[in-house]
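Single-structure report; data block below.
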Amino acid sequence: MIATALAGCASTRADRAGDGAAQLQLVLVTTADWNATQGQLRRYLFDGHRWLAVGDPAQVTIGRNGSAWGRGLRAAPDDGGPVKREGDGRAPAGMFGIGTAFGYAERASTALPYAAMTSSDYCIDVSDSPLYNQIVDARKADPEAVKGTTEPMRRDLHAGGDQRYRQGFVIEHNPGRLAGAGSCIFAHLWKAPGEATAGCTAMDDAAMAELLAWLRPQARPVFVLLPRAQYARVWREWGLPAPESDR
């Protein structure tokens with residue numbers, strides 16, 4: 001029954017491929033605790049019988065204030081842990097779909113749907129906007145709906161040559177776009193090794209390139225981020241690989 005819970009959640013957001021033994025992809029980030037700003041990313045493939053580790057672990061950074069329960073494919077346990085809010089500097093913890101890949105180039109080496117960002121593309125982080133938590137072309141949107149947003153997707157053009165969004169993908173936190181629950185959560189390149197983020201998961205160029213090349217929509221990939229103690233409590237129920245200490 002391992003991965004049954006994961007397969008059930010993932011199949012609600014992507015096309016099914018093959019039968020019940022179809023392979024599933026998991027991107028797993030674990031951290032020391034709620035306040036940790038760094039973690040380890042591992043990749044797994046479920047072959048219909050067991051989780052298989054893929055490649056080597058990669059070091060990542062997350063929110064400058066750590067992590068907090070987000071809104072994704074699994075309801076957050078009522079364990080007294082922090083809850084993700086807009087602007088709190090925490091990365092959302094939980095299980096999330098993996099959405100569109102994006103970047104500065106016209107094309108990317110990935111099977112994920114890919115969007116080439118332009119100077120007018122923004123992710124809306126204004127909670128009361130009707131476009132909250134969406135990437136939009138500001139030239140085509142209602143000016144009032146994008147007013148006040150602080151998240152240009154071409155940071156190289158709007159933020160002094162910043163390369164963080166040169167490659168990345170959307171982590172589907174808060175898909176219902178609940179106001180104030182947090183927006184614009186991505187996996188992207190880090191600005192400098194070990195530098196924390198505003199709430200995303202960041203890594204070096206090599207790790208991102210390998211991840212993008214590996215991910216396949218047919219495998220219904222999901223992204224999981226959890227502190228180690230919380231992972232130890234939910235891994236069985238969520239159908240995830242056993243913690244390192246249990247293998």
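Note: hydrogens, waters and symmetry copies are ignored here, and every other heavy atom, side chains too, is used.
Contact annotation: the side chain of F46 never approaches that of L240 to less than 4.5 Å [non-hydrogen atoms, C-beta and beyond]. When side chains are defined from C-beta on, V29 does not count as touching Q40, because their heavy atoms never get closer than 4.5 Å. Within the 4.5 Å cutoff, the side chain of F96 has heavy atoms near those of the H173 side chain. Inter-residue side-chain proximity for R42 and T30 is flagged as met; some heavy-atom pair is nearer than 4.5 Å. In this structure, the side chains of R43 and L26 stay at 4.5 Å or more apart for every pair of heavy atoms. Counting heavy atoms from C-beta on, the side chains of E237 and R74 come closer than 4.5 Å. By the 4.5 Å heavy-atom criterion applied to side chains, S67 and L225 are counted as neighbours. Between P243 and R228, every side-chain heavy-atom pair lies at or beyond the 4.5 Å cut-off.
Side chain to side chain, Y132 and E86 meet the donor-acceptor criterion of an N or O pair below 3.5 Å. Using modelled atom types, one finds a donor on one side chain and an acceptor on the other under 3.5 Å when comparing D79 with W69.
Salt-bridge annotation for R64 and E195: absent, with no side-chain N of the basic residue lying under 4.0 Å from a carboxylate O of the acidic one. A salt bridge links R139 with D137: the closest approach of a Lys/Arg side-chain nitrogen to an acidic carboxylate oxygen falls below 4.0 angstrom. Taking 4.0 Å as the cut-off between side-chain N and carboxylate O, D205 and R166 count as a salt-bridged pair.
The SG atoms of C184 and C123 lie less than 2.5 Å from each other.
Side-chain heavy atoms closer than 4.5 Å link hydrophobic residues (I, L, V, M, F, W, Y) into clusters, and following such links, even through other members, never connects V136 to M117.
In this structure, R154 is not positioned above the aromatic face of Y165 in the sense of NZ or CZ being under 6.0 Å from the six-membered ring centre and within 45° of the axis. Geometrically, R164 does not engage W190 in a cation-pi contact, judged by NZ or CZ lying under 6.0 Å from the ring centre and within 45° of the ring axis.
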Start with the C-alpha gap between S183 and D125, add the side-chain angles, then the distance that decides, and say whether side-chain hydrogen bond (donor to acceptor under 3.5 Å, both in side chains) holds. CA-CA 6 Å; S183 63; D125 56 2; 5.5 Å; no

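The number of heavy atoms from other shown groups lying within 6.0 Å of CZ (R155) is above 12.
For the pairing with D88, the side chain to side chain donor-acceptor pair (under 3.5 Å) check across K84, R85, R90 returns one residue only, K84.
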